[in-house]
Amino acid sequence: MRRQTPLIVACACSLAVHLGSLLSPGWELPDADVPEGDARRIEATLAAASPAPAAVVPVAAPSTTRRSQPKPAPAAKPEPVPEASLPVATESVVSEPGIETLAEATSSAPIAEPAPEASSPAPSPHLVAKPLPRQGRVFYHGTVGGFVSLNAIGEASWEHDGARFQSRLTAGMGASDGMFDYRSTGRLAAGQLISETTSDRRMKKQSTGLIDQAGGKVTMQRGGDTRERTIKGLAVAMSALPQFLMTLDESLEKAALFVVGDFWVEDSVLIARGLEQLSLSSGKIEARHYESRANNGTQVNVWLAPDWRSAPVRIRIRSADGYVLDLKAVEVEIEGQVQLKAPETHSDF
């Protein structure tokens, strides 16, 4: 029996090695530091930008100098005009109340210099710098899992008509297995994506959400369970986060916003990690890396490819319970234009 011990140990070691190759996704990210300084809160644009108000113009602005009574035209010599029919200057002034007093006040008072503006915090930068393409679809290959990771496929898609938008992010181990299915709808205001509804399914658990940006409240439901969360600033649905990032000003370094996930709403810090060289199955491409860190531990990393109209070419989501979804683009189509063609066929969700 003792002779079998080395064989058992060898089998155990072999099994451990094989399992080790499956421990967590292979595309692990090193933990990066959060940049110093406060994160600027992103506010929701509640209405389309209105034109600047016109300058206030006085209605029938009274002159700042005393009005002189217009002199009557000289009468013809042959026919003298009776004195009683001539206009009286004092009566003319009284017939327009206020003009006499206003003229005296303005003529006697010196013109005041404009008061210096009170010091106030610098206005928030205009974060929307690029219009979102009206339609896009990105197909992915990657991994999904926790202790053990498995091969997965996924898709991110969106469309809008300039006023309303809808987005979707889905992933699973096959066409019939949607482990993650996040959807949202909303509107566009001054180019900013304003999420309004969510419908998320994760591991066969369905939840819905109503995002009231003006009222500062998010209401979520799952079965008979209802949750309500107060928000102070913009809240973005998980499925619309890649598209929201596509519109941002590239000068942004750090900001704060709320992220609405599957039955949770959390304050999150958004960090711009800059340009990186990303390896895809088709080769290397330059991509702009954004990282969102929510208070509940959820981390969302998105890489946007400037050469492909900022399409999200990699999406990585680590949930609070340690489950990781990591997807890399194999096909990219933006407004009917194929930016990247998949080397092999795939099935749609």
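These numbers were taken from a predicted model, which means no experiment stands behind them. Any value given below was found using the heavy atoms of this structure, including those in side chains, with hydrogens, waters and symmetry copies removed.
- Under the 4.5 Å side-chain contact rule for hydrophobic residues, Leu188 and Ile211 do not share a cluster.
- Heavy-atom minimum distance, Leu257 versus Val236: CD1-CG2, 3.5 Å.
- The shortest heavy-atom contact between His160 and Gly162 is ND1-N, 3.0 Å.
- Between the side chains of Thr298 and Ser319, not a single donor N or O lies within less than 3.5 Å of an accepting N or O.
- The distance from atom CG of Leu132 to atom CZ of Phe165, rounded to the nearest 0.5 Å, is 8.5 Å.
- Counting only N and O atoms by type, the side chains of Ser268 and Ser292 include a donor and acceptor under 3.5 Å apart.
- Here Glu159 does not pair with Arg134 in a salt bridge; the nearest charged N to carboxylate O distance is not below 4.0 Å.
- The shortest heavy-atom contact between Gln213 and Ala44 is OE1-CB, 3.9 Å.
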Worked check of side chain to side chain contact (heavy atoms under 4.5 Å, CB included) between Met238 and Val300: CA-CA 9 Å; Met238 177 80 79; Val300 182; 3.7 Å; yes

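- Between Arg293 and Glu291 a salt bridge is recorded (basic side-chain N to carboxylate O distance below 4.0 Å).
- Residues Val302 and Leu340 share a hydrophobic cluster, clusters being chains of Ile/Leu/Val/Met/Phe/Trp/Tyr side chains in contact below 4.5 Å.
- Distance check: Trp303 CH2 to Leu327 CG gives 11.0 Å after rounding to the nearest 0.5 Å.
- For Gln206 against Ser199, the heavy-atom pair with the smallest separation is NE2-OG, 2.9 Å.
- One hydrophobic cluster, built from ILVMFWY side chains closer than 4.5 Å, holds both Ile231 and Phe263.
- Counting heavy atoms from C-beta outward, Ile42 and Leu127 have side chains that approach closer than 4.5 Å.
- No salt bridge links Arg40 with Asp38; every basic N to acidic carboxylate O contact stays at or beyond 4.0 Å.
- Residues Lys217 and Val265 have side chains not in contact (no heavy-atom distance under 4.5 Å, counting atoms from C-beta outward).
- Checked by atom type, the side-chain pair Ser184/Ser195 shows no donor-acceptor distance below 3.5 Å.
- Transitive grouping of hydrophobic side chains (ILVMFWY, heavy atoms separated by less than 4.5 Å) brings Leu169 and Leu193 into a common cluster.
- Connection of Ile271 to Leu275 is not established within any shared hydrophobic cluster, with ILVMFWY side chains joined at heavy-atom distances below 4.5 Å, either directly or through further cluster members.
- Ion pairing between a basic and an acidic side chain is recognised when a charged N comes within 4.0 Å of a carboxylate O; Lys130 and Glu250 show such pairing.
- In this structure, a donor-acceptor pair under 3.5 Å is present between the side chains of Asp262 and Tyr182.
- Put simply, the side chain of Pro312 reaches to within 4.5 Å of the side chain of Met246, judged on heavy atoms.
- Side-chain N/O atoms of Trp158 and Gln166 include no donor and acceptor closer than 3.5 Å.
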Stepwise side chain to side chain contact (heavy atoms under 4.5 Å, CB included) check, Leu210 with Met220: CA-CA 6 Å; Leu210 180 62; Met220 308 198 74; over 6 Å; no

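- Two residues are said to be in side-chain contact when any heavy atoms from C-beta on lie closer than 4.5 Å; Val218 and Arg227 fail this criterion.
- In this structure, CG on Leu248 lies 12.0 Å from CD on Gln243, to the nearest 0.5 angstrom.
- A donor-acceptor contact shorter than 3.5 Å is absent between the side chain of Gln299 and the backbone of Arg318.
- For the residue pair His289 / Asn301, a side-chain donor-acceptor distance below 3.5 Å is found, with atom types taken as modelled.
- Salt bridge annotation for Arg222-Asp200: absent, with no cationic side-chain nitrogen under 4.0 angstrom from a carboxylate oxygen.
- Proximity of a side-chain donor or acceptor of Arg316 to a complementary backbone N or O of Val324 within less than 3.5 Å is not detected.
- The two residues Glu286 and Pro306 come nearest to each other via the heavy atoms O-CD, 3.4 Å.
- Counting all heavy atoms, side chain and backbone alike, Glu331 lies closest to Ala342 at OE1-CB, 3.3 Å.
- Looking at heavy atoms from C-beta onward, Thr198 lies out of side-chain contact with Arg183 at the 4.5 angstrom threshold.
- Atom CD1 of Ile315 and atom OH of Tyr290 lie 14.5 Å apart (nearest 0.5 Å).
- Between the side chain of Asp249 and the backbone N or O of Leu252, no donor-acceptor pair lies under 3.5 Å.
- Geometrically, Arg202 engages Tyr323 in a cation-pi contact, judged by NZ or CZ lying under 6.0 Å from the ring centre and within 45° of the ring axis.
- Using a 4.0 Å cut-off between charged side-chain N and carboxylate O, Arg137 and Glu333 make no salt bridge.
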